[in-house]
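Presented below is the structure to which this report refers.
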Amino acid sequence: MEPIFKGKVAIVTGSSYGIGKSTAICFAKKGASVVLSDWADDIDTLDTIKALGAKAIFVKADVSNEEDVKRIVSETVKHFGRLDYAFNNAGIEGEQGVIHESSNDNWEKVIGINLTGAYYCMKYQIPEMLKTGGGSIVNNASIAGLVGFNGIPAYVASKHALVGLTKNVALDYAKQHIRVNAVCPGVIQTPMIDRFTGGSLDATAQLIASKPIGRVGLPEEIANTVAFLCSDDASFITGQALAVDGGWVAQ
């Protein structure tokens, strides 16, 4: 890959698996130094990036904890001296169930990680980007941030709110050369989808059948979209929620 991010520094939260892992590796292949963060140890992604000859560190953190998020950003600046890009990817689907059967604990946990976590991330990422004259942030929303889905009210609410927050922050910092966008993945082959389907071949087949493009997506396809949105090729794009879903929401 062309090292278009040479000399740049990127944070990726939720980097241990799936979309986060693929995006962290994509940033590294394109020349960036990468700060990995997850609430679980992430030695595999770290080793993979270092094997590519790229620089990376890992910061164990829970993005729903403000002090943890401050530490992610402070460790980034301590090790690499700057911050140029951020992929605020950490998220959970939570429990399935209609609202009158849902627990308050599930609501608070899902909102805390998916929405408040992204709020904390941008709150502390943006001041560092302002110091270097700009940057690009991509928040990982979902097609559940664009349309409703049965049985996951907290998740849908968190992702709709994240799309709105993305647009607001994009407007606030557009003149300061910080672009803020969201990707809205459809069904992507990740552990989250495996949990959602329970490993059922019939459920997986139904998901595939719902896609106009005739297949589920790959984490690398979201990673490439994030890299594009961070690149100079997307210099006129901000405040957008881009569905990467094989045509699902176009139906």
Task: Aromatic ring pairing Y85/F27, orientation class (parallel under 30°, perpendicular over 60°, tilted between) - done: parallel
Residues in side-chain hydrogen bond (donor to acceptor under 3.5 Å, both in side chains) contact with [X], at least two apart in sequence or another chain:
X	result
Y124	E66
K131	E128
N89	N140

Please identify each residue that fulfils salt bridge (Lys or Arg N to Asp or Glu O under 4.0 Å) with [X], with sequence neighbours left out.
X	result
K21	D44
D105	none
E67	K70
K50	none

Among all residues two or more places apart in sequence or in another chain, which pass the side chain to side chain contact (heavy atoms under 4.5 Å, CB included) test with [X]?
X	answer
A161	L115
I43	D47
S142	A144, Y155, K159
K109	W39, I92, I113

TODO: Considering non-hydrogen atoms only, spot the tightest contact between V34 and A24 and give its length.
DONE: CG2-O, 3.8 Å
Open item on the list: If you compare all heavy atoms of S158 against all heavy atoms of V110, which two are closest, and at what distance to 0.1 Å?
Closed with: OG-CG1, 3.9 Å
Task: ring pair (Phe, Tyr, Trp, His ring centres under 6.0 Å) involving W248 - partner list, sequence neighbours excluded - done: F149
